[in-house]
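Protein chains get the first letters and strands the later ones, always in sequence-line order, with residue 1 at the start of each.
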2 protein chains.
Amino acid sequence: MDDLDREILSILRRDARTPYTEIADRVGTSEGTVRNRVERLVEDGVIERFTVATRTGNVKAMIEVSVDVNVDTAEVSDRIADWQEVDFVWQVSGEEDIVVVVDAADTDAVNGLITQARELEEVVGTKTRLILNERVG
Amino acid sequence: MDDLDREILSILRRDARTPYTEIADRVGTSEGTVRNRVERLVEDGVIERFTVATRTGNVKAMIEVSVDVNVDTAEVSDRIADWQEVDFVWQVSGEEDIVVVVDAADTDAVNGLITQARELEEVVGTKTRLILNERVG
DNA sequence: TTGAGGATTACGAAATTCGAAATTCGTCTT
DNA sequence: AAGACGAATTTCGAATTTCGTAATCCTCAA
């Protein structure tokens, strides 16, 4: 992680679709170097993923899920991560086992997801918090 | 915003570098349609920007914060959002009032953030969950 | 039925990405 | 100083993707 990496990262944060060729021009190096650097940043996990920031007028919520003992939490998390409208699935420590962060069209859709979770036989309970406001750190 | 848009968005959220051609194959339409749809989503502001999610540290956690009644929760959230290593600050419904998602270098750093939160005079209590594993929906 | 308007598709051209080989650079050893 | 070695960088042609635009398809209304 040197200054060149940081320069590249700061360009990608602003617009992740900036072509390698343009990044190379702007930071004064070659396309290949930018490509190698970005590949390494992804491998090292510094870049978690390329994504889109969306501004839906949607309802966000956290669904805290408790599963039965003897349940493969990771496997359940995998299945939930495939559902529509799910942003993140976290296995967590504490009272509950899984936290699902959802971004749904309306409260009905949130409700649908809660129902869907409660219908999983491994799930013994859920607690939902609506996210009333989000700030990005 | 129909189902096709939502399908495209869900693919881009997972990997914003997925080529239009591949998205088209996966959702069963043509490259041009995907391109038009994405352009419109950007114009309409549904897609705010293409970006990279970076990971500075290794330990993620949720700190659930309870504040005193009569406290301006929004104002406290603002202040917390400025702290280093804070990913999100959510005002939520439920038992606690604020959830802080942090991404810190190590557990000591997480502990520092918890301490920092408890030292705010508006804060009456915190509950922390370590995020043991994250999946992206 | 016909026409208008919007969305989708088709397709060649331009731009970008990719793979792999060649080159440069820094450092170590003799 | 010369040589050797590995890592990083550069180069370049081929493959892939994006882009511009024109043609086509749909749907609705007159």
Side-chain angles (χ1 to χ4, degrees), chain A residues 1-59 81-88 103-106 108-109 112 136, chain B residues 1-58 103 105-106 134-137:
Chain A
M1 258 297 255
D2 57 9
D3 281 343
L4 184 54
D5 282 337
R6 271 183 280 274
E7 271 190 280
I8 294 171
L9 271 183
S10 108
I11 290 174
L12 288 178
R13 279 210 200 84
R14 199 169 280 107
D15 179 7
R17 292 201 295 186
T18 314
Y20 290 150
T21 46
E22 186 187 325
I23 297 175
D25 281 349
R26 280 163 59 181
V27 306
T29 184
S30 70
E31 177 270 328
T33 295
V34 175
R35 177 151 42 105
N36 293 334
R37 297 289 190 118
V38 171
E39 273 165 12
R40 196 164 50 68
L41 288 170
V42 170
E43 262 178 32
D44 294 352
V46 176
I47 294 179
E48 263 180 285
R49 62 196 172 111
F50 288 75
T51 187
V52 288
T54 54
R55 199 195 60 196
T56 57
N58 283 3
V59 180
D82 282 337
W83 294 354
Q84 290 285 355
E85 300 161 317
V86 169
D87 273 6
F88 301 104
D103 180 358
D106 48 38
D108 276 352
V136 178
Chain B
M1 259 294 256
D2 56 10
D3 281 342
L4 184 54
D5 283 336
R6 270 183 282 273
E7 273 189 277
I8 293 170
L9 271 183
S10 114
I11 290 174
L12 287 177
R13 264 200 287 269
R14 281 187 177 78
D15 180 6
R17 292 201 295 187
T18 313
Y20 290 150
T21 48
E22 186 187 325
I23 298 175
D25 281 349
R26 279 163 60 182
V27 306
T29 184
S30 69
E31 177 271 330
T33 295
V34 175
R35 177 153 42 106
N36 292 335
R37 297 289 190 117
V38 172
E39 273 165 11
R40 196 164 47 69
L41 288 170
V42 171
E43 261 177 34
D44 294 354
V46 175
I47 294 179
E48 258 180 290
R49 64 204 171 108
F50 288 74
T51 186
V52 289
T54 57
R55 187 173 57 193
T56 51
N58 288 322
D103 178 359
D106 48 38
E134 171 177 292
R135 274 144 234 260
V136 177

Discussion item. Would you say that B/Thr21 contacts B/Val34 through its side chain, given a criterion of any heavy-atom pair below 4.5 Å between the two side chains?
Written reply: no

Set out, line by line, the N/O atom pairs under 3.5 Å between protein and nucleotides 16-20 of chain D.
{"from": "D/dT18", "atom 1": "OP2", "to": "B/Tyr20", "atom 2": "N", "distance (Å)": "2.8"}
{"from": "D/dG20", "atom 1": "N7", "to": "B/Arg35", "atom 2": "NH1", "distance (Å)": "3.1"}
{"from": "D/dG20", "atom 1": "O6", "to": "B/Arg35", "atom 2": "NH2", "distance (Å)": "3.0"}

Discussion item. Just checking A/Arg40: does its CZ atom have more than 12 heavy atoms from other residues, nucleotides or ligands closer to it than 6.0 angstrom?
Written reply: yes

Worksheet entry | Steps toward side-chain contact (heavy atoms from CB on, under 4.5 Å) verdict (B/Asp15, A/Arg49) | CA-CA 7 Å; B/Asp15 180 6; A/Arg49 62 196 172 111; over 6 Å; no

Fill in: Side chain to side chain, B/Thr18 and B/Arg26, heavy atoms closer than 4.5 Å
yes

Response to the item:
For B/Thr51 and A/Arg13 the tightest heavy-atom approach is OG1-O, 3.0 Å

Worksheet item: Taking atom P of C/dG6 as reference, at what distance in whole Å does atom CG of B/Asp5 sit?
Response: 17 Å

Response to the item:
To the nearest angstrom, the CG-C1' distance between A/Asp3 and D/dA8 comes to 17 Å

Worksheet entry | Residue list, side chain to side chain contact (heavy atoms under 4.5 Å, CB included) with A/Ser30, at least two apart or on another chain | A/Thr33

Item to complete: Look at the side-chain N and O atoms of B/Thr33 and state whether any lies under 4.0 Å from the OP1 or OP2 oxygen of C/dT9.
Response: yes

Worksheet item: Nucleotide by nucleotide, 5' to 3', does protein get under 4.0 Å of the base (B), only the sugar-phosphate (S), or neither (-) in nucleotides 23-28 of chain D, counting heavy atoms?
Response: ------

Discussion item. What is the distance, to the nearest angstrom, from the CG atom on A/Asn36 to the C1' atom on C/dC25?
Written reply: 15 Å

Worksheet item: With a 4.0 Å cut-off, would you call A/Arg35 and A/Glu31 a salt bridge?
Response: yes

Fill in: Nucleotide C/dT9, atom C1' - distance to CD1 of B/Ile23 in whole Å
17 Å

Item to complete: Pick base, sugar-phosphate or nothing for B/Arg37, based on heavy-atom distances below 4.0 Å to the nucleic acid.
Response: sugar-phosphate

Fill in: Pair A/Arg37 + A/Asp44, salt bridge at N-O below 4.0 Å
no

